[in-house]
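All figures in this text were calculated on a predicted structure; none of them were measured in a lab.
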Amino acid sequence: MPAVNIRHLATSAADFERQFTQVLHWSAETDDAIEQRAADILADVRQRGDAAVLEYTARYDSLQAESVAALEIGPDELQRALQRITPAQREALQAAAARVRRYHEHQLQACGLSWQYRDEHGSLLGQKVTPVDRVGIYVPGGKAAYPSSVLMNALPAHVAGVGEIIMVVPTPRGEKNPLVLAAACVAGVTRAYTIGGAQAVGALAYGTDTIPKVDKITGPGNAYVASAKRRVFGQVGIDMIAGPSEILVLADGSTAPDWVAMDLFSQAEHDEMAQSILLCPDAGYIAAVHEAIDRLLPAMPRQAVIRASLEGRGALIHTRSMEEACAISNRIAPEHLEISATDPARWEPLLRHAGAIFLGRYTSESLGDYCAGPNHVLPTSGTARFSSPLGVYDFQKRSSLIEVSEAGAQVLGPIAAELAYGEGLQAHAQAAELRLKRS
(Lines give C-alpha, C1' and ligand atoms only; values in the text may rest on other atoms or scores of the structure.)
Protein backbone atom coordinates (compact mmCIF):
# COMPACT_ATOMS: atom_id res chain seq x y z
CA MET A 1 0.00 0.00 0.00
CA PRO A 2 1.41 3.44 -0.90
CA ALA A 3 2.46 5.82 1.85
CA VAL A 4 -0.10 8.35 3.04
CA ASN A 5 0.54 11.60 1.20
CA ILE A 6 -0.21 13.91 4.13
CA ARG A 7 1.08 17.48 4.05
CA HIS A 8 4.27 18.32 5.95
CA LEU A 9 4.49 22.01 6.86
CA ALA A 10 7.06 24.01 8.79
CA THR A 11 6.44 27.38 10.39
CA SER A 12 9.97 28.38 9.41
CA ALA A 13 9.18 28.02 5.70
CA ALA A 14 8.79 31.21 3.68
CA ASP A 15 5.42 30.16 2.27
CA PHE A 16 4.02 28.70 5.51
CA GLU A 17 1.13 31.17 5.76
CA ARG A 18 -0.08 30.34 2.26
CA GLN A 19 0.09 26.60 2.85
CA PHE A 20 -1.47 26.91 6.30
CA THR A 21 -4.42 28.87 4.88
CA GLN A 22 -4.98 26.13 2.30
CA VAL A 23 -5.07 23.49 5.03
CA LEU A 24 -7.67 25.37 7.03
CA HIS A 25 -9.89 26.31 4.11
CA TRP A 26 -13.32 24.76 4.27
CA SER A 27 -16.43 26.32 2.87
CA ALA A 28 -19.51 26.08 5.05
CA GLU A 29 -21.63 27.09 2.11
CA THR A 30 -23.95 24.29 1.08
CA ASP A 31 -24.82 23.37 -2.45
CA ASP A 32 -27.57 25.55 -3.94
CA ALA A 33 -29.55 22.45 -4.90
CA ILE A 34 -29.42 21.18 -1.31
CA GLU A 35 -30.54 24.57 0.02
CA GLN A 36 -33.47 24.70 -2.39
CA ARG A 37 -34.50 21.11 -1.73
CA ALA A 38 -34.40 21.65 2.04
CA ALA A 39 -36.49 24.80 1.66
CA ASP A 40 -39.07 22.95 -0.47
CA ILE A 41 -39.32 20.10 2.04
CA LEU A 42 -39.76 22.48 4.98
CA ALA A 43 -42.46 24.42 3.16
CA ASP A 44 -44.27 21.19 2.31
CA VAL A 45 -44.09 19.87 5.88
CA ARG A 46 -45.34 23.19 7.20
CA GLN A 47 -48.31 23.09 4.84
CA ARG A 48 -49.23 19.37 4.76
CA GLY A 49 -47.80 18.14 8.09
CA ASP A 50 -48.01 14.38 8.61
CA ALA A 51 -48.78 13.66 4.95
CA ALA A 52 -45.56 15.30 3.80
CA VAL A 53 -43.53 13.59 6.53
CA LEU A 54 -44.86 10.19 5.41
CA GLU A 55 -44.16 10.95 1.75
CA TYR A 56 -40.53 11.97 2.30
CA THR A 57 -39.88 9.13 4.74
CA ALA A 58 -41.06 6.66 2.10
CA ARG A 59 -39.01 8.39 -0.62
CA TYR A 60 -35.72 8.85 1.20
CA ASP A 61 -35.71 6.07 3.80
CA SER A 62 -37.73 3.46 1.89
CA LEU A 63 -39.94 3.18 4.96
CA GLN A 64 -43.66 2.85 4.27
CA ALA A 65 -46.22 3.63 6.97
CA GLU A 66 -49.93 4.37 7.05
CA SER A 67 -49.51 7.12 9.62
CA VAL A 68 -46.81 9.03 11.45
CA ALA A 69 -48.13 7.50 14.66
CA ALA A 70 -46.99 4.15 13.25
CA LEU A 71 -43.45 5.56 13.09
CA GLU A 72 -43.37 6.30 16.81
CA ILE A 73 -41.12 4.11 18.95
CA GLY A 74 -43.02 3.47 22.15
CA PRO A 75 -41.45 3.31 25.63
CA ASP A 76 -41.99 -0.46 25.78
CA GLU A 77 -39.91 -0.90 22.62
CA LEU A 78 -37.15 1.26 24.07
CA GLN A 79 -37.14 -0.83 27.24
CA ARG A 80 -37.06 -4.07 25.22
CA ALA A 81 -34.09 -2.72 23.26
CA LEU A 82 -32.24 -2.07 26.52
CA GLN A 83 -32.83 -5.64 27.59
CA ARG A 84 -31.98 -7.07 24.16
CA ILE A 85 -28.48 -5.61 23.80
CA THR A 86 -25.58 -7.58 25.25
CA PRO A 87 -24.82 -7.26 28.97
CA ALA A 88 -21.48 -5.67 28.10
CA GLN A 89 -23.17 -3.07 25.89
CA ARG A 90 -25.79 -2.36 28.54
CA GLU A 91 -23.17 -1.92 31.25
CA ALA A 92 -21.07 0.38 29.04
CA LEU A 93 -24.12 2.44 28.06
CA GLN A 94 -25.27 2.88 31.63
CA ALA A 95 -21.75 3.70 32.88
CA ALA A 96 -21.31 6.33 30.14
CA ALA A 97 -24.74 7.79 30.87
CA ALA A 98 -23.96 8.04 34.59
CA ARG A 99 -20.75 9.96 33.90
CA VAL A 100 -22.40 12.30 31.37
CA ARG A 101 -25.28 12.95 33.77
CA ARG A 102 -22.92 13.65 36.69
CA TYR A 103 -20.85 16.12 34.66
CA HIS A 104 -23.93 18.06 33.60
CA GLU A 105 -25.28 18.08 37.16
CA HIS A 106 -22.05 19.84 38.17
CA GLN A 107 -22.60 22.23 35.28
CA LEU A 108 -26.12 22.94 36.51
CA GLN A 109 -24.78 23.84 39.96
CA ALA A 110 -22.13 26.12 38.46
CA CYS A 111 -24.15 28.14 35.96
CA GLY A 112 -27.77 27.06 35.86
CA LEU A 113 -29.17 28.52 39.08
CA SER A 114 -31.44 31.47 39.77
CA TRP A 115 -30.19 34.26 42.02
CA GLN A 116 -31.30 37.62 43.39
CA TYR A 117 -30.26 40.41 45.73
CA ARG A 118 -31.58 43.69 47.13
CA ASP A 119 -29.67 46.89 46.57
CA GLU A 120 -29.20 49.74 49.03
CA HIS A 121 -32.68 51.14 48.20
CA GLY A 122 -34.44 47.84 48.88
CA SER A 123 -35.05 47.05 45.20
CA LEU A 124 -34.84 43.39 44.23
CA LEU A 125 -32.70 42.48 41.22
CA GLY A 126 -31.93 39.00 40.01
CA GLN A 127 -32.13 36.24 37.47
CA LYS A 128 -34.66 33.45 37.12
CA VAL A 129 -33.48 30.36 35.26
CA THR A 130 -36.12 28.08 33.77
CA PRO A 131 -35.84 25.12 31.39
CA VAL A 132 -37.12 24.96 27.85
CA ASP A 133 -40.48 23.16 27.79
CA ARG A 134 -39.85 20.78 24.90
CA VAL A 135 -36.78 19.98 22.79
CA GLY A 136 -36.17 17.85 19.73
CA ILE A 137 -32.95 15.87 19.34
CA TYR A 138 -31.81 14.71 15.92
CA VAL A 139 -29.81 11.48 15.95
CA PRO A 140 -28.04 10.49 12.70
CA GLY A 141 -28.99 7.07 11.44
CA GLY A 142 -27.90 6.76 7.83
CA LYS A 143 -24.33 5.48 7.34
CA ALA A 144 -23.85 4.67 11.02
CA ALA A 145 -25.67 4.60 14.35
CA TYR A 146 -24.71 6.95 17.18
CA PRO A 147 -26.04 5.98 20.61
CA SER A 148 -23.47 8.36 22.10
CA SER A 149 -25.25 11.25 20.37
CA VAL A 150 -28.46 10.27 22.16
CA LEU A 151 -26.73 10.48 25.54
CA MET A 152 -24.97 13.77 24.77
CA ASN A 153 -28.12 15.53 23.57
CA ALA A 154 -30.78 14.06 25.84
CA LEU A 155 -28.99 13.93 29.20
CA PRO A 156 -28.12 17.65 29.55
CA ALA A 157 -31.70 18.46 28.54
CA HIS A 158 -32.95 16.04 31.18
CA VAL A 159 -30.63 17.50 33.84
CA ALA A 160 -31.74 21.03 32.88
CA GLY A 161 -35.33 20.06 33.64
CA VAL A 162 -36.77 19.96 30.12
CA GLY A 163 -40.29 18.55 30.29
CA GLU A 164 -40.36 16.65 27.00
CA ILE A 165 -37.53 15.31 24.84
CA ILE A 166 -38.61 14.26 21.34
CA MET A 167 -36.08 12.14 19.43
CA VAL A 168 -36.08 11.68 15.67
CA VAL A 169 -33.81 9.13 14.03
CA PRO A 170 -33.85 7.96 10.41
CA THR A 171 -34.16 4.20 10.02
CA PRO A 172 -33.57 3.41 6.33
CA ARG A 173 -35.71 0.44 5.30
CA GLY A 174 -37.04 0.28 8.83
CA GLU A 175 -33.80 -1.05 10.36
CA LYS A 176 -33.74 0.15 13.97
CA ASN A 177 -30.47 0.07 15.86
CA PRO A 178 -31.13 -1.47 19.30
CA LEU A 179 -28.20 0.38 20.89
CA VAL A 180 -29.67 3.74 19.82
CA LEU A 181 -33.07 2.77 21.24
CA ALA A 182 -31.46 1.51 24.43
CA ALA A 183 -29.60 4.81 24.78
CA ALA A 184 -32.91 6.66 24.40
CA CYS A 185 -34.34 4.53 27.21
CA VAL A 186 -31.36 5.20 29.49
CA ALA A 187 -31.28 8.94 28.70
CA GLY A 188 -34.95 9.58 29.43
CA VAL A 189 -36.25 10.36 25.93
CA THR A 190 -39.98 11.06 26.14
CA ARG A 191 -41.05 10.15 22.59
CA ALA A 192 -39.17 8.89 19.54
CA TYR A 193 -39.98 8.73 15.83
CA THR A 194 -38.30 6.90 12.97
CA ILE A 195 -38.00 9.89 10.65
CA GLY A 196 -35.00 11.88 9.51
CA GLY A 197 -33.77 14.48 7.07
CA ALA A 198 -35.15 17.96 6.50
CA GLN A 199 -38.67 16.60 6.97
CA ALA A 200 -37.88 15.61 10.55
CA VAL A 201 -36.47 19.08 11.28
CA GLY A 202 -39.60 20.63 9.78
CA ALA A 203 -41.91 18.41 11.80
CA LEU A 204 -40.12 19.37 15.03
CA ALA A 205 -39.99 23.07 14.17
CA TYR A 206 -43.57 23.52 12.97
CA GLY A 207 -45.39 20.60 14.58
CA THR A 208 -47.81 18.26 12.82
CA ASP A 209 -51.00 16.49 13.87
CA THR A 210 -48.83 13.77 15.40
CA ILE A 211 -45.45 15.31 16.24
CA PRO A 212 -45.51 18.18 18.73
CA LYS A 213 -43.76 21.45 17.98
CA VAL A 214 -40.57 21.86 20.01
CA ASP A 215 -38.81 24.96 21.31
CA LYS A 216 -35.26 23.95 20.35
CA ILE A 217 -33.58 21.40 18.06
CA THR A 218 -30.16 19.93 18.76
CA GLY A 219 -28.01 17.23 17.20
CA PRO A 220 -25.95 16.75 14.03
CA GLY A 221 -27.04 15.57 10.61
CA ASN A 222 -26.19 15.66 6.92
CA ALA A 223 -26.17 18.71 4.67
CA TYR A 224 -29.98 18.65 4.31
CA VAL A 225 -30.41 18.58 8.08
CA ALA A 226 -27.90 21.42 8.54
CA SER A 227 -29.65 23.50 5.88
CA ALA A 228 -33.06 22.85 7.43
CA LYS A 229 -31.83 23.77 10.93
CA ARG A 230 -30.42 27.01 9.57
CA ARG A 231 -33.75 27.85 7.96
CA VAL A 232 -35.97 27.12 10.97
CA PHE A 233 -33.78 29.11 13.38
CA GLY A 234 -35.93 31.88 14.76
CA GLN A 235 -39.01 29.70 14.62
CA VAL A 236 -37.17 27.48 17.12
CA GLY A 237 -33.74 27.59 18.72
CA ILE A 238 -30.90 25.41 17.44
CA ASP A 239 -27.60 24.35 18.96
CA MET A 240 -25.21 25.01 16.07
CA ILE A 241 -24.52 24.30 12.40
CA ALA A 242 -21.91 21.58 12.61
CA GLY A 243 -19.09 21.26 10.08
CA PRO A 244 -16.70 18.33 9.56
CA SER A 245 -15.11 16.82 12.66
CA GLU A 246 -11.63 18.04 13.69
CA ILE A 247 -8.75 17.03 15.92
CA LEU A 248 -5.57 18.94 16.68
CA VAL A 249 -2.80 17.16 18.56
CA LEU A 250 -0.29 19.41 20.30
CA ALA A 251 2.69 17.09 21.00
CA ASP A 252 6.06 17.56 22.67
CA GLY A 253 7.38 14.25 21.32
CA SER A 254 7.01 12.25 24.54
CA THR A 255 3.95 10.19 23.58
CA ALA A 256 4.24 6.91 21.67
CA PRO A 257 3.92 7.77 17.95
CA ASP A 258 1.39 4.96 17.46
CA TRP A 259 -0.92 6.56 20.01
CA VAL A 260 -0.88 9.90 18.23
CA ALA A 261 -1.32 8.29 14.81
CA MET A 262 -4.41 6.47 16.05
CA ASP A 263 -5.76 9.67 17.60
CA LEU A 264 -5.44 11.34 14.20
CA PHE A 265 -7.26 8.35 12.68
CA SER A 266 -10.06 8.69 15.23
CA GLN A 267 -11.37 11.84 13.58
CA ALA A 268 -10.27 11.06 10.03
CA GLU A 269 -12.47 7.95 10.00
CA HIS A 270 -15.64 10.04 10.39
CA ASP A 271 -15.62 11.18 6.76
CA GLU A 272 -13.39 12.42 3.99
CA MET A 273 -13.84 16.09 5.01
CA ALA A 274 -12.75 15.53 8.64
CA GLN A 275 -9.50 17.23 9.62
CA SER A 276 -6.56 15.85 11.63
CA ILE A 277 -3.54 18.06 12.39
CA LEU A 278 -0.37 17.48 14.43
CA LEU A 279 1.66 20.40 15.79
CA CYS A 280 5.10 19.53 17.19
CA PRO A 281 8.54 21.18 17.55
CA ASP A 282 10.36 17.84 17.07
CA ALA A 283 10.92 17.01 13.37
CA GLY A 284 12.11 13.48 14.18
CA TYR A 285 8.93 12.80 16.12
CA ILE A 286 6.78 14.04 13.23
CA ALA A 287 8.57 11.58 10.95
CA ALA A 288 7.92 8.80 13.47
CA VAL A 289 4.21 9.63 13.55
CA HIS A 290 4.07 9.56 9.75
CA GLU A 291 5.75 6.16 9.78
CA ALA A 292 3.15 4.94 12.28
CA ILE A 293 0.36 6.27 10.06
CA ASP A 294 1.68 4.30 7.09
CA ARG A 295 2.14 1.14 9.18
CA LEU A 296 -1.19 1.21 11.02
CA LEU A 297 -3.51 2.34 8.25
CA PRO A 298 -3.79 -0.98 6.34
CA ALA A 299 -5.38 -2.65 9.39
CA MET A 300 -8.14 -0.04 9.71
CA PRO A 301 -11.59 -1.08 8.41
CA ARG A 302 -12.27 2.50 7.25
CA GLN A 303 -8.82 2.97 5.75
CA ALA A 304 -10.12 4.49 2.51
CA VAL A 305 -11.99 7.23 4.39
CA ILE A 306 -9.02 7.86 6.70
CA ARG A 307 -6.59 8.13 3.78
CA ALA A 308 -8.85 10.55 1.91
CA SER A 309 -9.24 12.71 5.02
CA LEU A 310 -5.52 12.80 5.87
CA GLU A 311 -4.43 13.45 2.30
CA GLY A 312 -7.16 16.00 1.60
CA ARG A 313 -7.28 18.01 4.82
CA GLY A 314 -4.66 16.65 7.23
CA ALA A 315 -1.27 18.16 8.10
CA LEU A 316 1.86 17.45 10.15
CA ILE A 317 3.26 20.85 11.16
CA HIS A 318 6.78 21.38 12.49
CA THR A 319 6.86 24.40 14.80
CA ARG A 320 9.77 26.34 16.29
CA SER A 321 8.54 25.71 19.84
CA MET A 322 5.61 24.52 21.90
CA GLU A 323 4.74 28.16 22.55
CA GLU A 324 4.41 28.73 18.82
CA ALA A 325 2.35 25.55 18.52
CA CYS A 326 -0.05 26.94 21.14
CA ALA A 327 -0.33 30.21 19.22
CA ILE A 328 -1.16 28.34 16.00
CA SER A 329 -3.70 26.21 17.86
CA ASN A 330 -5.48 29.38 18.96
CA ARG A 331 -5.68 30.47 15.33
CA ILE A 332 -7.23 27.14 14.36
CA ALA A 333 -9.67 27.00 17.33
CA PRO A 334 -10.18 23.25 16.89
CA GLU A 335 -13.15 21.16 17.91
CA HIS A 336 -10.94 18.63 19.77
CA LEU A 337 -7.53 19.66 21.13
CA GLU A 338 -5.19 17.08 22.63
CA ILE A 339 -2.17 18.27 24.63
CA SER A 340 -0.10 15.11 24.33
CA ALA A 341 2.78 16.26 26.50
CA THR A 342 4.67 15.36 29.67
CA ASP A 343 3.41 18.46 31.45
CA PRO A 344 0.09 19.44 29.81
CA ALA A 345 -0.72 21.85 32.64
CA ARG A 346 2.22 24.00 31.48
CA TRP A 347 0.61 24.59 28.07
CA GLU A 348 -3.10 24.66 28.91
CA PRO A 349 -3.05 28.31 30.13
CA LEU A 350 -1.76 29.39 26.71
CA LEU A 351 -4.74 27.84 24.91
CA ARG A 352 -7.81 30.04 24.60
CA HIS A 353 -9.91 28.61 21.79
CA ALA A 354 -11.03 24.96 21.59
CA GLY A 355 -14.25 23.00 21.87
CA ALA A 356 -12.72 20.51 24.30
CA ILE A 357 -9.17 20.24 25.65
CA PHE A 358 -7.76 16.80 26.43
CA LEU A 359 -4.86 16.94 28.88
CA GLY A 360 -2.04 14.38 28.83
CA ARG A 361 -1.02 11.35 26.83
CA TYR A 362 -3.61 9.03 28.38
CA THR A 363 -6.53 11.29 27.48
CA SER A 364 -7.51 10.11 24.03
CA GLU A 365 -10.21 12.14 22.31
CA SER A 366 -12.33 9.00 21.94
CA LEU A 367 -12.85 8.87 25.73
CA GLY A 368 -14.47 12.28 25.49
CA ASP A 369 -16.66 11.09 22.63
CA TYR A 370 -18.20 8.32 24.69
CA CYS A 371 -17.83 8.29 28.42
CA ALA A 372 -15.56 10.87 30.09
CA GLY A 373 -18.56 13.03 30.98
CA PRO A 374 -18.25 16.39 29.16
CA ASN A 375 -20.43 16.83 26.10
CA HIS A 376 -19.11 15.72 22.71
CA VAL A 377 -21.31 18.14 20.75
CA LEU A 378 -18.66 20.77 20.10
CA PRO A 379 -18.13 23.86 17.91
CA THR A 380 -16.34 23.18 14.62
CA SER A 381 -14.76 25.14 11.78
CA GLY A 382 -13.10 27.70 14.04
CA THR A 383 -16.34 28.64 15.81
CA ALA A 384 -14.77 27.71 19.16
CA ARG A 385 -13.51 31.31 19.02
CA PHE A 386 -17.01 32.43 20.04
CA SER A 387 -19.14 29.38 20.93
CA SER A 388 -19.16 26.55 23.44
CA PRO A 389 -19.93 22.84 23.81
CA LEU A 390 -23.55 21.77 24.15
CA GLY A 391 -24.56 21.85 27.80
CA VAL A 392 -27.23 22.36 30.40
CA TYR A 393 -27.25 26.08 29.60
CA ASP A 394 -28.44 25.33 26.04
CA PHE A 395 -31.68 23.93 27.46
CA GLN A 396 -32.39 26.79 29.83
CA LYS A 397 -33.24 30.42 29.43
CA ARG A 398 -32.86 33.32 31.83
CA SER A 399 -35.43 35.91 32.85
CA SER A 400 -34.34 39.10 34.59
CA LEU A 401 -36.07 39.87 37.89
CA ILE A 402 -36.69 43.54 38.78
CA GLU A 403 -38.70 44.76 41.75
CA VAL A 404 -38.09 48.47 42.41
CA SER A 405 -38.93 49.74 45.85
CA GLU A 406 -40.62 53.09 46.46
CA ALA A 407 -37.29 54.51 47.58
CA GLY A 408 -35.57 53.00 44.58
CA ALA A 409 -38.08 54.61 42.20
CA GLN A 410 -37.08 58.04 43.55
CA VAL A 411 -33.43 57.33 42.67
CA LEU A 412 -33.87 55.53 39.36
CA GLY A 413 -36.80 57.60 38.04
CA PRO A 414 -34.86 60.80 37.30
CA ILE A 415 -32.05 58.82 35.68
CA ALA A 416 -34.44 56.94 33.40
CA ALA A 417 -36.40 60.09 32.57
CA GLU A 418 -33.29 62.04 31.63
CA LEU A 419 -32.12 59.30 29.26
CA ALA A 420 -35.62 58.76 27.82
CA TYR A 421 -36.06 62.47 27.03
CA GLY A 422 -32.68 62.35 25.34
CA GLU A 423 -33.94 59.55 23.11
CA GLY A 424 -37.15 61.39 22.34
CA LEU A 425 -39.34 58.84 24.15
CA GLN A 426 -41.59 61.03 26.29
CA ALA A 427 -43.93 58.23 27.44
CA HIS A 428 -40.96 56.32 28.82
CA ALA A 429 -39.84 59.39 30.73
CA GLN A 430 -43.27 60.23 32.11
CA ALA A 431 -43.91 56.62 33.18
CA ALA A 432 -40.87 56.96 35.44
CA GLU A 433 -41.71 60.52 36.61
CA LEU A 434 -45.29 59.64 37.62
CA ARG A 435 -43.84 57.45 40.35
CA LEU A 436 -41.77 60.24 41.88
CA LYS A 437 -42.93 61.81 45.11
CA ARG A 438 -44.07 65.41 44.76
CA SER A 439 -42.73 67.76 47.41
Side-chain angles (χ1 to χ4, degrees), residues 73-108 137-160 165 167-171 175-190 192 194 218-220 245 247 258-259 262-271 274 296 299-302 305-306 335-336 338 355-378 389-392:
I73 307 169
D76 291 343
E77 186 174 355
L78 298 182
Q79 188 63 48
R80 287 195 301 272
L82 182 60
Q83 298 307 314
R84 192 166 70 246
I85 60 178
T86 69
Q89 288 178 326
R90 186 162 54 249
E91 183 177 340
L93 192 61
Q94 291 172 331
R99 291 186 63 89
V100 173
R101 182 183 296 277
R102 183 181 180 190
Y103 176 87
H104 289 90
E105 286 172 346
H106 280 283
Q107 195 176 69
L108 178 67
I137 64 171
Y138 189 98
V139 179
K143 294 181 179 179
Y146 295 99
S148 58
S149 286
V150 181
L151 300 183
M152 297 295 177
N153 283 271
L155 284 171
H158 204 269
V159 170
I165 303 171
M167 181 179 87
V168 292
V169 55
T171 56
E175 299 171 6
K176 299 173 185 175
N177 184 280
L179 203 52
V180 168
L181 302 193
C185 183
V186 168
V189 167
T190 311
T194 56
T218 70
S245 191
I247 187 171
D258 285 20
W259 293 13
M262 196 60 67
D263 289 351
L264 297 174
F265 287 178
S266 71
Q267 293 311 296
E269 72 176 348
H270 274 295
D271 63 64
L296 296 173
M300 303 306 298
R302 294 174 63 82
V305 174
I306 293 172
E335 178 187 17
H336 307 97
E338 288 187 4
I357 300 174
F358 301 80
L359 301 167
R361 63 173 65 96
Y362 288 99
T363 315
S364 70
E365 180 278 329
S366 58
L367 300 181
D369 269 353
Y370 294 106
C371 58
N375 210 288
H376 79 192
V377 181
L378 304 169
L390 188 72
V392 166

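Without hydrogens or angle criteria, Asn375 side chain to Met152 main chain gives a donor-acceptor distance under 3.5 Å. Under the 3.5 Å distance criterion, the side-chain polar atoms of Glu269 are left unmatched by any main-chain donor or acceptor of Arg302. No donor-acceptor pair closer than 3.5 Å links the side chain of Arg101 to the backbone N or O of Val159.
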Exercise for the section: Please report the C-alpha distance between Thr218 and Val377 in whole Å, then the side-chain angles of each, then the deciding distance to 0.1 Å, and finally whether the side chain to side chain contact (heavy atoms under 4.5 Å, CB included) criterion is met. Expected result: CA-CA 9 Å; Thr218 70; Val377 181; over 6 Å; no
Exercise for the section: Apply side chain to side chain contact (heavy atoms under 4.5 Å, CB included) to Leu390 and Asn153, showing your working. Expected result: CA-CA 8 Å; Leu390 188 72; Asn153 283 271; 3.5 Å; yes
Practice task
Please report the C-alpha distance between Met262 and Met300 in whole Å, then the side-chain angles of each, then the deciding distance to 0.1 Å, and finally whether the side chain to side chain contact (heavy atoms under 4.5 Å, CB included) criterion is met.
Solution key: CA-CA 10 Å; Met262 196 60 67; Met300 303 306 298; 4.0 Å; yes
Practice task
Would you sort out whether His336 and Asp369 count as a side chain to side chain contact (heavy atoms under 4.5 Å, CB included), showing the intermediate values?
Solution key: CA-CA 10 Å; His336 307 97; Asp369 269 353; 3.8 Å; yes
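Expressed to the nearest 0.5 Å, how far CG of Leu296 lies from CG of Asp258 amounts to 4.5 Å. In this structure, CG on Leu181 lies 6.0 Å from CE on Met167, to the nearest 0.5 angstrom. Here CZ of Arg99 is found 13.5 Å from CG of Leu155. Values are rounded to the nearest 0.5 Å. To the nearest 0.5 Å, the span separating CG on Leu93 from SG on Cys371 amounts to 11.0 Å. Atoms CH2 and OH, on Trp259 and Tyr362 in that order, are 4.5 Å from each other to the nearest 0.5 Å.
Closest of all the heavy-atom pairs between Ala81 and Pro178 is CB-O, 3.6 Å. Nearest approach of Cys185 to Gln79, heavy atoms of both residues: SG-OE1, 3.3 Å. Between Asn177 and Leu179, the closest heavy-atom pair is OD1-N, 2.9 Å. Nearest heavy-atom pair across Val305 and Ala268 is CG1-O, 3.5 Å. Contact detail for Ala154 and Ile137: the closest heavy-atom pair is CB-CD1, 3.9 Å. Here the closest heavy-atom approach between residue Phe358 and residue Thr363 is recorded as CB-O, 3.6 Å.
Exactly one of Thr171, Thr194, Val180 qualifies for a side chain to side chain contact (heavy atoms under 4.5 Å, CB included) with Ile73. That residue is Thr194. None of Glu365, Gln267, His376 except one satisfies the side chain to side chain donor-acceptor pair (under 3.5 Å) rule with Ser245; the exception is Gln267.
The environment of Glu91 atom CD is sparse: at most 12 non-hydrogen atoms of other residues, nucleotides or ligands sit within 6.0 angstrom.
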